[in-house]
Amino acid sequence: MKLEKEKHDRREKKKSRDREEDSELNGKHKPSSKMKQSDSRSGVCSFERTLSVSCEVLSNSSLMFMSSSSAGKCEAGDADTLEDVKVDPDERNDGRQESGSPEINNNSKEKTRSKSSKERHNHKEKSERTADARDSKQEGHRCESEAPVKMKKKRAKDEKSSEKHPSGKKRKKTSSEHEKNKKIKKDGDQEKKKKDEEADKWKWWEEGKSSDTQKWSSLEHKGPYFPPEYEPLPDNICFYYDGQPVKLRPATEEIATFYAKMLDHEYTSKEVFQNNFFSDWKEEMTKEEQKLIKTLSKCDFRQIHKYFVEKSEERKNMTKEEKQVLKEEASRLLEEYGYCLLDRHREKIGNFKLEPPGLFRGRGEHPKMGKLKKRIQPEDVTINCSQDSKIPEPPAGHRWKRVQHDNTVTWLASWLENIHGRPKYIMLNPSSKLKGEKDWQKYETARQLKTKVNSIRKQYRRDWKSREMKSRQRGVAIYFIDKLALRAGNEKDDESADTVGCCSLRVEHITLHRHLDGQEHVVEFDFLGKDSIRYYNKVPVEKQVFKNLKLFIKHKDPEDDLFDRITTVKLNKTLNESMPGLTAKVFRTFNASTTLQDQLNKLTTEDMTVEEKILSYNRANRAVAILCNHQRAAPKTFEKSMQLLQEKIQKKKEQIEEAKKELKEARKAHKDAPSDKSKKLLEKKEKAVQRLSEQLKKLQLQETDREENKVIALGTSKLNYLDPRISVAWCKKHQVPIEKIYNKTQRDKFAWAIDMTDENFQF
DNA sequence: GTGACAACTTAGCAAATACGGA
DNA sequence: TCCGTATTTGCTAAGTTGTCAC
């Protein structure tokens, strides 16, 4: 309620301010006829994040803006009417410094570079999505697939020869050999299965682009898998109220178990969580239960909690056989529900299991945390499949909410979740054609931005000096989106956590510093972004941006919108006019992929070992993760595991010392009394020292990598922002096995890129 | 122009599984 | 083989964007 009122007040204030601000700009603003262009990224940009990462690449990542494409020099600030606003204690004088001349040098360099990159791009463009793509793909595919075939042949030969005794005579098989043979047979079966799967794989990327509106011609599936019904607690396990055991009816008890299972989680200590849970729980109670259970503080779930902890322990301690049974059951489920037939191809489904009931766990300070997520019934589910397909059967005694045959959408089933009343979907796995094609398209749009970005930057620079407030705000917002990879930032309702993106930034989220840490015109950002992850960054911006920001916050309260004249819709509309398909999020993809490409080019040299190259790759990846603010909680065992690793390193060093001593002795012995034996011993000791040194180096690289990765999540950017063709080309060029960069899931998702990319690909 | 809604992508956390050293 | 740790996978929340009705 309070939030709603605040929001309403803000809107009212915004309206009354609108006329005032525009008249101010129109009355006093004198547009300069001498306006020149400047690069948004040419200022020194040092990202001082809360992430304390000691990584050389970090400074590279912050500097990357300096080397990115630029568009000319901007003579800022002659067109404004600005008073000094109380922003920051040291933010008093109206600095008159102009952007420095090095930018001009950058420009000329950039022009040459962008020309060649354009040529490259044109050349590449031709080879994309055409028959040419097929050719280059086949080329790439040969490289990829030859090695495994050779390996398999070798293995098959080895297997064959292992049938025979070294003497050449056949001998009786022992029981352990039987086991071994069984294993070999099993491995062989698996290999055959793998081979079949490989052959079965649909290379949709060879078939040319499909329609944008019609997503499929035929779609058949089994419908969603429903989680098992609730199993009531055994009689000896009780819920206690006010010290007394109480037997709840199963529906009430089930909800109690949701809370009980979470007892050792921080959530249950939060008041909002407790209140939401208790009020939703009460609604599900019978009259009698409601009468008895009045307050959560008298509820005791500890016995139930203990019961589930024990059950979980039991599961962990199951025998191999028991675990195998479970595994088989899971793979049976996957086999039955986990795939669909899309245009006659078997495709993997992403989330075929319906979400089980439980308590809603929002991120950050979510006002709805603890609310009951109800069990989804077949009557809640809409099925989408083709008309002539076998319609999935609802569970016995039930019926579907609806069965539709809409081939303009990609989902197989949907339902409304009860927390926000929003639809949820069952969709295909990222390895599917529908997802893969869209992904490919996404990266192509980002590559297209490369050719347009200079003119877009010129335009937003012009907007910084526009007569219209909304154009200025839009210009600065796009600058932030481009320079800092901020998200668009839609308006949010009051029933979610208070997080923001670019367009929804409020005055309180920035602090302006005329001078800070030896830099000028520094904007300090501090806000909660998606998933309530904190974004903290101090960024030097161009003088005109700084001036505009002062103007935007003038006469505003901290909780007012910084960009009160623009919305994400309007911003995206403008972007779309500059380039069809361009939206705010394309900049994130574009900047992420560009950064990866630049960093890889910079950080990889041919004389590196594979391990060193991988460290370089991770550093490049990390630069992107920092740019996109992909954070993670430090692993709980981080300190401990680092300590172990350091101990290992120490031990290895001692081993090397020891080995060196032995080597010295062997040398002496060989010198004193040379013989074949002493020579062999010497060689052996030399090899030992060498081997240990290599092991030490590997451990040290591991240590650096882990330390630098403490609070940074690499996966998100790898999966969503980095054009996989960059990584594939890099692997091929530098002879790094693709498995070192992408795990199985990632290889499945990026099968299209692995198959079609050759080593010359540049983003 | 705006808001509601639908469809889709992006995101971090935690459980499950794989891996490697004793 | 066991055990502890690292990596992968699954889950689902939380964003963005497009469309439609008013």
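Just so it is clear: chains get the letters A, B, ... in the order the sequence lines come, proteins before strands, and each one is counted from 1.
Atom C1' of nucleotide B:dT10 and atom NZ of A:Lys438 are separated by 13 Å, given to the nearest angstrom. In this entry the distance linking CZ of A:Arg361 with P of C:dA13 reads 10 Å, nearest Å. As a whole-Å value, the separation of A:His420 NE2 from B:dC5 P is 14 Å. Separating the CD1 atom of A:Ile426 from the P atom of B:dT9 is a distance of 16 Å, rounded to the nearest angstrom. For A:Leu359 and C:dT12, the CG to C1' distance is 14 Å, given to the nearest whole Å. Atom NZ in A:Lys651 sits roughly 17 Å away from atom P in B:dG20 (whole-Å rounding). For the pair A:Lys348 NZ and C:dC11 P, the interatomic distance rounds to 11 Å; values are reported in whole Å. The separation between A:Lys435 atom NZ and B:dA7 atom P is 12 Å, rounded to whole Å.
Of the candidates C:dT12, C:dG15, B:dC8, the closest approach to any side-chain atom of A:Arg363 belongs to C:dT12. In this structure, of B:dA7, C:dT12, B:dA22, it is C:dT12 that holds the atom nearest to the side chain of A:Lys373. Taking only side-chain atoms of A:Tyr425, from C-beta outward, the nucleotide of B:dA14, B:dA7, B:dG12 with the closest atom is B:dA7. Nearest to the side-chain atoms of A:Met427 among the listed nucleotides B:dA22, B:dT9, B:dG12 stands B:dT9.
If you check every strand for non-hydrogen atoms under 4.0 Å, A:Arg588 touches sugar and phosphate atoms only. Counting non-hydrogen atoms under 4.0 angstrom, A:Lys215 reaches the backbone sugars and phosphates but no base. Among the heavy atoms of the strands, none lies under 4.0 Å from A:Lys323. Within 4.0 Å (heavy atoms only), A:Gly489 reaches sugar-phosphate atoms of the nucleic acid but no base atom. Counting any heavy atom pair closer than 4.0 Å across all strands shown, A:Arg422 reaches no nucleic acid atom. A:Ala633 comes within contact range of the sugar-phosphate backbone alone, with a heavy-atom separation under 4.0 Å but no base atom that close. Counting non-hydrogen atoms under 4.0 angstrom, A:Thr568 reaches nothing in the nucleic acid. Nucleic acid contact class of A:Tyr721 (heavy atoms, under 4.0 Å, all strands): sugar-phosphate only.
Remark: A:Asn572 is in phosphate contact with C:dT17, judged by side-chain N or O atoms under 4.0 Å from OP1 or OP2. Between A:His630 and the phosphate of B:dT10, there is no side-chain N or O to OP1/OP2 separation shorter than 4.0 Å. When the side-chain nitrogen and oxygen atoms of A:Ser414 are compared with OP1 and OP2 of B:dA6, none of them lie within a distance under 4.0 Å. Considering only side-chain N and O atoms, A:Arg565 lies nowhere under 4.0 angstrom from the phosphate OP1 or OP2 of B:dG1. Contact annotation: A:Thr583 reaches the phosphate of C:dT17 (side-chain N/O to OP1 or OP2, under 4.0 Å). At least one side-chain nitrogen or oxygen of A:Thr410 sits closer than 4.0 Å to the OP1 or OP2 atom of B:dC8. For B:dT9, neither phosphate oxygen OP1 nor OP2 lies less than 4.0 angstrom from any side-chain nitrogen or oxygen of A:Lys585. Remark: A:Lys424 is in phosphate contact with C:dA13, judged by side-chain N or O atoms under 4.0 Å from OP1 or OP2. Residue A:His366 places at least one side-chain N or O closer than 4.0 Å to OP1 or OP2 of C:dA14. Side-chain N/O atoms of A:Arg487 include one lying less than 4.0 angstrom from OP1 or OP2 on B:dA11.
In terms of position along DNA chain C, the nucleotide closest to A:Asn743 lies nearer the 5' end than the nucleotide closest to the other residue of the pair A:Pro356 and A:Asn743. Nearer to the 5' terminus of DNA chain B, by closest-nucleotide assignment, is the contact made by A:Val569 (compared with the other of A:Leu719 and A:Val569). Judged by closest nucleotide on DNA chain B, A:Lys442 is the one of A:Lys442 and A:Arg632 placed further toward the 5' end. When the nearest nucleotides of DNA chain C are assigned to A:Gly364 and A:Asn429 by heavy-atom distance, the more 5′-ward of the two goes with A:Asn429.
Here the closest heavy-atom approach between residue A:Met318 and residue A:Leu326 is recorded as CE-CD1, 3.2 Å.
The side chain to side chain contact (heavy atoms under 4.5 Å, CB included) test with A:Thr499 is passed by exactly one of A:His366, A:Arg363, A:Lys492: A:Lys492.
No side-chain N or O of A:Gln214 forms a donor-acceptor pair with one of A:Ser211 less than 3.5 Å apart. Inspection of the A:Thr257 and A:Tyr307 side chains reveals no N or O donor paired with an N or O acceptor under 3.5 Å. For the residue pair A:Tyr742/A:Ser727, the side-chain donor-acceptor check at 3.5 Å is satisfied.
Under 4.0 Å is where a charged nitrogen must lie from a carboxylate oxygen, and between A:Glu611 and A:Lys697 no such pair does.
Aromatic ring centroids of A:His630 and A:Tyr721 lie under 6.0 Å apart.
Cation-pi geometry between A:Lys261 and A:Phe308 is met: the NZ or CZ atom falls under 6.0 Å from the ring centre, inside 45° of the normal.
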